[in-house]
Amino acid sequence: TLDDEEEAKEKEKYNIVMTNVGEYINVRSLPDVNSAKVGYLYADCGGTILEEGDGWTKIRSGNLIGWARNDLLMFGEEAYNYAQEVGVYQATVNTNGLRMRKEPNTESGIWKIVGEGDVFQTISEYTTDEWIAIEYGGALGYISADYVTMEFVIDHGETLEEIKEREIRERKELQQRIVSEGSSVIGTTDEMLLAALIQCEGGNQPYEGQVAVGAVVMNRVKCPAYPNTIAGVIYASGQFTPAKTGKVEKLAQNGVKESCLQAARAAIAGETTVGGAMHFRRVGMHEGIVI
């Protein structure tokens, strides 16, 4: 019946958990604090409910499946609303030669041509049924909604195996960079990588905001719940869309704005405009420092 369908949709809508912690929680193989850890679920990460137990919930978050303590999670409407706040909509282009326009109409100028597989984080307040708004070089760009696939994305956890593989990969990449470039340029390379991320995430923000992006990365580097290198944090699974799409790497190779490079150097030196914050997002209902 219609009532049954609506009830099923409502149940599916709220079949979600979000972390209710500042850093991370352990996910275990069994609903017991003495059972083996299978991975970590970080702050602002979420997952779906597989099974409910006494004080514990079995969840799936990315490839991570295991039990987490209920007192460290949000449930129901609270979890759903928080996911809407911290999650993002991503638009994946499904055709080649798509024009990114300066205004939401076919008569406006063109910023660039994008291709199949390109992924963009959308800006909801300017998106319509016909046009998807995205950020481009500190301005807005628009792509036709007819040629993209939309997906709502929230950050997910990592299994111990994924963490181990990531750390091995980071060590190999570091060794290759030392062989090809020399150990003396490693710091400069990290500077450039961080500066590229800052430009992607905050290139249109004031210098204070650019330092804030860099400080968030450096705060994660210092936190045991995250990788202990700049590259590791930037390329961690599900964290920064520009890293996933290759935009960070391209910018790092081609050069970045001077202010972003200065902000990266300041953040690496320990400067912060946001204290120990390890997350940033567009202004919304969430409390925090507004820049």
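How far OH of Y82 is from CG of D44: 3.5 Å, rounded to the nearest 0.5 Å. Between R28 atom CZ and R69 atom CZ the span is 9.0 Å, to the nearest 0.5 Å. Between the CE atom in M74 and the CG atom in N20 there is a gap of 4.0 Å [rounded to 0.5 Å]. For the atom pair CD (Q199) and SG (C260), the distance works out to 4.5 Å, reported to the nearest 0.5 Å. Taking CG of L140 as the start and CG of N204 as the end, the distance is 9.0 Å to the nearest 0.5 Å. To the nearest 0.5 Å, atoms CD (Q121) and CZ (F240) are separated by 11.0 Å.
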Problem - Check against side chain to side chain contact (heavy atoms under 4.5 Å, CB included), L98 and D118 - result: CA-CA 10 Å; L98 183 62; D118 287 346; over 6 Å; no
Practice task
Go through the steps for L160 and Y40 under the test side chain to side chain contact (heavy atoms under 4.5 Å, CB included), then give the verdict.
Solution key: CA-CA 8 Å; L160 295 183; Y40 297 98; 3.8 Å; yes
Exercise for the section: May I have the step-by-step check of side chain to side chain contact (heavy atoms under 4.5 Å, CB included) for I132 and M150, ending in yes or no? Expected result: CA-CA 9 Å; I132 307 299; M150 296 290 291; 3.9 Å; yes
Exercise for the section: Show your reasoning for whether side chain to side chain contact (heavy atoms under 4.5 Å, CB included) applies to M218 and L194. Expected result: CA-CA 9 Å; M218 297 311 299; L194 182 57; 4.2 Å; yes
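Under the salt bridge (charged side-chain N to carboxylate O under 4.0 Å, His left out) criterion, R265 pairs with E191, sequence neighbours left out. Take A43 and apply the side chain to side chain contact (heavy atoms under 4.5 Å, CB included) test, not counting sequence neighbours, and it matches H279.
Heavy-atom minimum distance, V114 versus M100: CG1-CE, 3.9 Å. A212 and V274 make their closest contact through CB-CG1, 3.7 Å (heavy atoms, listed as atom of the first residue, atom of the second, distance). S108 and K102 get closest at one heavy-atom pair: OG-N, 3.7 Å. Of all the heavy atoms in N63 and T159, the pair that sits closest is O-CG2, 3.5 Å. Here the closest non-hydrogen pair linking F152 and I154 is CE2-CG2, 3.7 Å. Closest of all the heavy-atom pairs between T273 and E208 is OG1-O, 3.1 Å.
A donor-acceptor distance shorter than 3.5 angstrom exists from the side chain of N219 to the backbone of A277, with no hydrogens or angles considered. Under a 3.5 Å cut-off, the side chain of T122 and the backbone N or O of Y89 do form a donor-acceptor pair. Side-chain N or O atoms of S61 include one that pairs as donor or acceptor with a backbone N or O of G46 at under 3.5 Å. In terms of modelled atom types and a separation under 3.5 Å, the side chain of R99 and the main chain of I110 share no donor-acceptor contact. A side-chain donor-acceptor contact under 3.5 Å links T19 to the backbone of Y42. Side-chain atoms of K257 come within 3.5 Å of backbone atoms of G203 as a donor-acceptor pair (strictly under, hydrogens ignored). Of the possible donor and acceptor atoms, one in the side chain of N96 sits under 3.5 Å from a partner among the backbone N and O of E116.
Annotation for L50: hydrophobic cluster partners, listed by chain and number, are I65 (ILVMFWY side-chain heavy atoms under 4.5 Å, direct or chained). Side-chain contacts under 4.5 Å among hydrophobic residues (ILVMFWY), followed directly or transitively, place I59 together with V17, V21, I25, V27, V38, L41, I49, L64, L72, L73, F75. Using a 4.5 Å cut-off between side-chain heavy atoms of Ile, Leu, Val, Met, Phe, Trp and Tyr, Y207 falls into a hydrophobic cluster with V211. Within the hydrophobic cluster formed by Ile, Leu, Val, Met, Phe, Trp and Tyr side chains joined at under 4.5 Å, directly or through other members, W67 is accompanied by V33, W56.
For T48 and N15, the side-chain atoms include no donor-acceptor pair closer than 3.5 Å.
Counting heavy atoms from C-beta outward, M192 and L251 have side chains that stay 4.5 Å or more apart. Looking at heavy atoms from C-beta onward, P104 lies out of side-chain contact with E130 at the 4.5 angstrom threshold. Using a 4.5 Å cut-off on side-chain heavy atoms (C-beta onward), P206 and I291 make contact.
Under a cut-off of 6.0 angstrom, the local environment of CD in E77 is sparse, with at most 12 non-hydrogen atoms contributed by other residues, nucleotides or ligands. Heavy atoms from other residues, nucleotides or ligands lying under 6.0 Å from CD of E249 number 12 at most.
When hydrophobic clusters are built by joining Ile, Leu, Val, Met, Phe, Trp and Tyr residues whose side-chain heavy atoms come closer than 4.5 Å, directly or via intermediates, W111 is not grouped with V119. Taking hydrophobic clusters as Ile, Leu, Val, Met, Phe, Trp and Tyr residues chained together by side-chain heavy-atom distances below 4.5 Å, I134 does not share a cluster with I113.
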